[in-house]
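Before any comments, here is the structure.
Note that the numbering runs from 1 along the sequence shown for the chain.
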Amino acid sequence: MASRMLVLLLVCVLFSGLLMQIGWLSSISRQSKEIDGLAREIAEMNATADNLRVTLSQYHNLDVIQTKATELGMTLPDNTQIRVINLPAGMGQETSAQAAGLTGGNEKPE
């Protein structure tokens, strides 16, 4: 009878160990699937970021900007439309600004 109890106890221990191992493998499988999904999501986001960088670089291309401006009827300003204004120095640095379409001579700040 005692040997039968030992065998039954041993079977229960082995069975519970088997169930724990199945649980761990299931958890590992689920985490692996999550990692694969995140890796795919990262790859898609990297592709989107690359596409956005290309689009952004196209908008920073001055030739494209000038072509688009010409299509919209814009022209470069001539010398009578540009004035340089000297602004008061800020923090020990000399500053200046350009303005288009001003009338009159050189403007000086008061």
Side-chain angles (χ1 to χ4, degrees):
M1 179 94 151
S3 66
R4 206 168 185 193
M5 290 294 264
L6 285 174
V7 170
L8 186 58
L9 181 63
L10 182 62
V11 168
C12 287
V13 169
L14 290 176
F15 187 71
S16 64
L18 180 63
L19 287 178
M20 285 190 338
Q21 187 169 3
I22 289 172
W24 288 334
L25 291 175
S26 171
S27 174
I28 290 172
S29 175
R30 181 179 39 82
Q31 289 174 352
S32 177
K33 288 178 183 178
E34 287 178 19
I35 290 171
D36 289 342
L38 291 174
R40 275 193 299 276
E41 190 175 331
I42 288 170
E44 290 172 5
M45 287 183 174
N46 283 335
T48 300
D50 289 341
N51 288 337
L52 290 172
R53 280 188 203 98
V54 168
T55 302
L56 188 61
S57 69
Q58 289 174 348
Y59 286 123
H60 282 97
N61 185 342
L62 295 179
D63 293 332
V64 173
I65 293 171
Q66 187 171 8
T67 302
K68 186 66 175 177
T70 303
E71 289 173 4
L72 294 172
M74 298 176 158
T75 59
L76 292 172
D78 60 26
N79 288 338
T80 63
Q81 295 174 310
I82 298 176
R83 300 280 189 251
V84 177
I85 303 169
N86 290 323
L87 301 173
M91 297 188 135
Q93 297 176 346
E94 185 176 326
T95 59
S96 64
Q98 291 184 354
L102 294 177
T103 57
N106 289 333
E107 285 80 13
K108 297 194 180 212
E110 297 183 21

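Between H60 and L56, the closest heavy-atom pair is ND1-O, 2.9 Å.
A side-chain donor-acceptor contact under 3.5 Å links T67 to the backbone of D63. Under a 3.5 Å cut-off, the side chain of S29 and the backbone N or O of L25 do not form any donor-acceptor pair. Proximity of a side-chain donor or acceptor of Q81 to a complementary backbone N or O of D78 within less than 3.5 Å is detected. S26 places no side-chain N or O within donor-acceptor distance of the main-chain N or O of I22, the cut-off being under 3.5 Å. Not one N or O on the side chain of S27 forms a donor-acceptor pair closer than 3.5 Å with the backbone of G23.
With contacts defined as side-chain heavy-atom distances shorter than 4.5 Å, the pair I42/M45 does not qualify. When side chains are defined from C-beta on, E71 counts as touching K68, because their heavy atoms get closer than 4.5 Å.
A distance of 11.0 Å separates CG of L14 from CG of L19, quoted to the nearest 0.5 Å. In this structure, CZ in R4 is found 8.5 Å from CG in L8, a value given to the nearest 0.5 Å.
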Practice item. Evaluate the criterion salt bridge (Lys or Arg N to Asp or Glu O under 4.0 Å) for residue pair R30 and E34; output intermediate values, then yes/no. Key: CA-CA 6 Å; R30 181 179 39 82; E34 287 178 19; 3.6 Å; yes
Exercise for review: Mind running salt bridge (Lys or Arg N to Asp or Glu O under 4.0 Å) on K33 and D36 for me, showing each step along the way?
Suggested key: CA-CA 5 Å; K33 288 178 183 178; D36 289 342; over 6 Å; no
Review point. For I65 and L62, what are the C-alpha separation, side-chain angles and deciding distance, and is it a side chain to side chain contact (heavy atoms under 4.5 Å, CB included)?
Key: CA-CA 5 Å; I65 293 171; L62 295 179; 4.2 Å; yes
